[in-house]
*Asks:* 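Input: one structure, supplied below.
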There are 2 protein chains.
Amino acid sequence: MKKRVTLKQIAKELEVSVSTVSKALKNSEEISRDTKDKIQAFAKLYNYRPNNIALSLKNKNTKNIGVIIPDIVHHFFTTVFRGIEQYAGQKGYNVMICVSDESFEKEVLNMELLANGSVDGFILSLSAETQERNDYNHIKEVLDQGIPVVLFDRVSKDVLCDKVVLNDQEIAYEAVTSMIRSGKTKIALVTTENYFNVSSDRAQGFEKAIRDANLAFDESLILTLPYQSEDDELIRNFFERNTIDAVLCVNEIFAIKCMDVVQRQGKRVPEDISFIGFTNGILSKYSAPRLSTVAQHGERMGETAAKLLIDRIENDVDDNFRTEVISGTLIQRDSTTN
Amino acid sequence: MKKRVTLKQIAKELEVSVSTVSKALKNSEEISRDTKDKIQAFAKLYNYRPNNIALSLKNKNTKNIGVIIPDIVHHFFTTVFRGIEQYAGQKGYNVMICVSDESFEKEVLNMELLANGSVDGFILSLSAETQERNDYNHIKEVLDQGIPVVLFDRVSKDVLCDKVVLNDQEIAYEAVTSMIRSGKTKIALVTTENYFNVSSDRAQGFEKAIRDANLAFDESLILTLPYQSEDDELIRNFFERNTIDAVLCVNEIFAIKCMDVVQRQGKRVPEDISFIGFTNGILSKYSAPRLSTVAQHGERMGETAAKLLIDRIENDVDDNFRTEVISGTLIQRDSTTN
DNA sequence: TATCAACACGAAAACGGTTTCGTAACTATA
DNA sequence: TATAGTTACGAAACCGTTTTCGTGTTGATA
């Protein structure tokens, strides 16, 4: 087992000073050709690599960015993460990732942990609990210490920083409108609690599309499901109680579950009921029938978030916070008619 | 914007020395009650937190572990990651994650990057290219520097370190046997290239089950697909050319795709053809019909890997490398008869 | 009153680098 | 030959901690 070699060891071995070694390895003009050759050869031989930790301490930057997301076994978040990782890697940054598990406490803990010098900035998507409590002091504190933060997808207008979001309202509007155009009139929304900004935005787009088409807006056609529930009873009741011929779901799983329930009740998709979901994940592609859905372009979101963050890390810019809006794409597959 | 406060600043402000501050904050007996009270109060007021980087440099440990996986938008890997993250977090470790993208070069680069002091150890699953090239020098070098590595799932017997694997051969044997018991005799295997240890292990279990049942082992009933192909032509041909009444697939996607192809060809699942896949992911649960599959217990694998790694980091133990075997579970759903 | 602990604190080294500045030795100039 | 300017290197500070060791002051003891 050979430990990594340090400047000091090289210096000692070659009987020069540490500073000379450091300069020689940086090919400084200050050092003579001979000495540089000798030192560089030695360093190469022993496979010298500067210690990142020491560099971080000296330079006051870590070349790390911290990503905090609510869940990791999750198509959308991993997609975003891939975008982040790619852009960051290409800019020489590493990524530390923490999972908040939808818990406020874990989100706070993770931020505090990483904020103690481990990262140069954060990219995060708020946990469910954080959005519910509406408490963003942990984020404000980090920002206040001069550590930049970029929020994506699950954001809050109460925190001033760069953000990347989907045009949720518009794309929901477009999805619903497309179903209306194909002749549907009794349109339901299956959503989560409104403290999720994305859910409330999508709900607004949903409502606006219905009103703009001069259809009756019926509150009872909105089903609010607990975020992660394994119980399908609510869904069954909902579709038994109401006559519905089209559904917008705020995520993929809800859509798949609803399609399943409805098909078991003997209805045909899309002839009797159309479905559009959010998240163009693996489920949508392989479900029966294949689910029409809104692609959120997670990778692009991630890349954009990373770009905003690194920009701010490297050029400590002004206080003009930017919000980048990613346009969703409506993908028509077999759960809708046209 | 208030920057984080350092020991030095506290010391200056309170007109004591840095060492006194350090000791006072650790509640050292050496410091008088009065001084400690004063310093602790001040530190609390200014929300002092020790700088992780400085601590890392001093202590020669980072409390970070590096995870390198081939893909992140991937149910199994994210599941493992969740297990790692949970166990590590609970032990006070953070996780840095890099994606090799199935590329040898990226795997090497990522390891080198993190090995320069950024992490105390690695958990990794070999990229496809690495397994194909059979080149593990990057891993051996890291090990040689005294940085522990734990390999999971995609491992190689050519590298000596702790490992966590599935009992691939046995569980494949069990899966095939269960289909034989239900009366199937023409059983196919849909797999990837054999340089994946998991694929070859599963193939062995497959073959053994067939031979043990005194069925004819027919090489032509093995379909080898490129790892990530979007082209279903190979699959269609395969099922047209051969009469098959049961299929074992080495992953979820292959199974779903094959089921789809077969159903379009007018066959019924499971009456005409049974299917069993690997990876108890979201697809298996929601496919039509629901897919019988081998649960790999990714979370447990991740937790086990993290435990092995942290054990080795904290107690620089002997050279008795351990291989933990996780037992897969065969989950019978609707794509098999019984 | 000289001696010795105990107490409370500070100085300095160390972790592994980078960088500024100082300087000895040599060369070139007048 | 005295002076100035290069050249090639080393010393030291610094990043933010921890920790060992040294030391001035106090109080107790003989």
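A note on names: the letters A, B, ... follow the listed sequences, proteins ahead of strands, and every chain is numbered from 1. Note that the coordinates shown come from a computational prediction; the quantities given were computed from them, not determined experimentally.
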*Asks:* Can you check each nucleotide of nucleotides 15-20 of chain D against protein heavy atoms at under 4.0 Å and return B for base, S for sugar-phosphate only, - for none, in 5' to 3' order?
*Replies:* BBBBBB
*Asks:* Is atom NZ of B/K106 surrounded by more than 12 heavy atoms (other residues, nucleotides or ligands) closer than 6.0 Å?
*Replies:*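 Correct, the count exceeds 12.
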*Asks:* Do other residues, nucleotides or ligands put more than 12 heavy atoms under 6.0 Å from B/Y136 OH?
*Replies:*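 Result for OH/B/Y136: enclosed.
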*Asks:* For the helix from C/dT1-D/dA30 to C/dA30-D/dT1, what angle lies between the axis at the first five pairs and the axis at the last five pairs, to 10 degrees?
*Replies:*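 Terminal axis comparison yields 80°.
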*Asks:* Any salt bridge linking B/R154 with B/E102? Criterion: basic side-chain nitrogen under 4.0 Å from a carboxylate oxygen.
*Replies:*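 Result for this pair is yes, salt bridge flagged.
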*Asks:* I'd like the 5' and 3' limits of the part of DNA chain C contacted by chain B, with heavy-atom contacts below 4.0 Å.
*Replies:*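 Using the under 4.0 Å cut-off, the span is C/dA8 to C/dG16.
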*Asks:* Expressed in angstrom and rounded to an integer, what is the separation of A/D37 atom CG from D/dA8 atom P?
*Replies:*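 Between P of D/dA8 and CG of A/D37: 13 Å.
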*Asks:* Keeping to residues at least two apart or across chains, list the side chain to side chain donor-acceptor pair (under 3.5 Å) pairs with something in residues 64-78 of chain A.
*Replies:*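 Side chain to side chain donor-acceptor pair (under 3.5 Å) check on residues 64-78 of chain A returns A/D71-B/R82.
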*Asks:* Examine the side chains of A/N61 and A/N59 and answer whether a donor and an acceptor come within less than 3.5 Å of each other.
*Replies:*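 Their side chains do not contain a donor-acceptor pair, so the 3.5 Å distance test is not met.
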*Asks:* Does a donor on one side chain sit under 3.5 Å from an acceptor on the other, for B/R49 and B/N47?
*Replies:*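 A pair is found: one side chain offers a donor N or O, the other an acceptor, under 3.5 Å apart.
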*Asks:* What's the CD1-C1' distance between A/I31 and D/dT7, to the nearest Å?
*Replies:*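 Result: 10 Å.
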*Asks:* Pairs of donor and acceptor atoms involving the side chains of residues 36-44 of chain B, under 3.5 Å and at least two apart or interchain, shall be tabulated with distances.
*Replies:*
residue: B/K36; atom: NZ; partner: B/N27; partner atom: OD1; Å: 3.2
residue: B/K36; atom: NZ; partner: B/S28; partner atom: O; Å: 3.0
residue: B/D37; atom: OD1; partner: B/R33; partner atom: NE; Å: 3.3
residue: B/D37; atom: OD1; partner: B/R33; partner atom: NH2; Å: 3.0
residue: B/Q40; atom: NE2; partner: B/A24; partner atom: O; Å: 2.9

*Asks:* Just to be sure I understand the rule, does A/T35 reach a base, reach only the sugar-phosphate, or reach nothing, if contact means heavy atoms closer than 4.0 Å?
*Replies:*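 Contact class for A/T35: sugar-phosphate only.
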*Asks:* Any chance NZ of A/K140 has more than 12 other-residue heavy atoms, nucleotides or ligands included, within less than 6.0 Å?
*Replies:*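 Count over threshold, so yes.
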*Asks:* Side-chain donor-acceptor pair under 3.5 Å between A/S125 and A/D153, yes or no?
*Replies:*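 Judged by distance alone, the side chains do not pair up.
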*Asks:* Return the set of residues passing side chain to side chain donor-acceptor pair (under 3.5 Å) with A/H138 (not counting sequence neighbours), or none when no residue passes.
*Replies:*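 Here the qualifying residues are A/E107.
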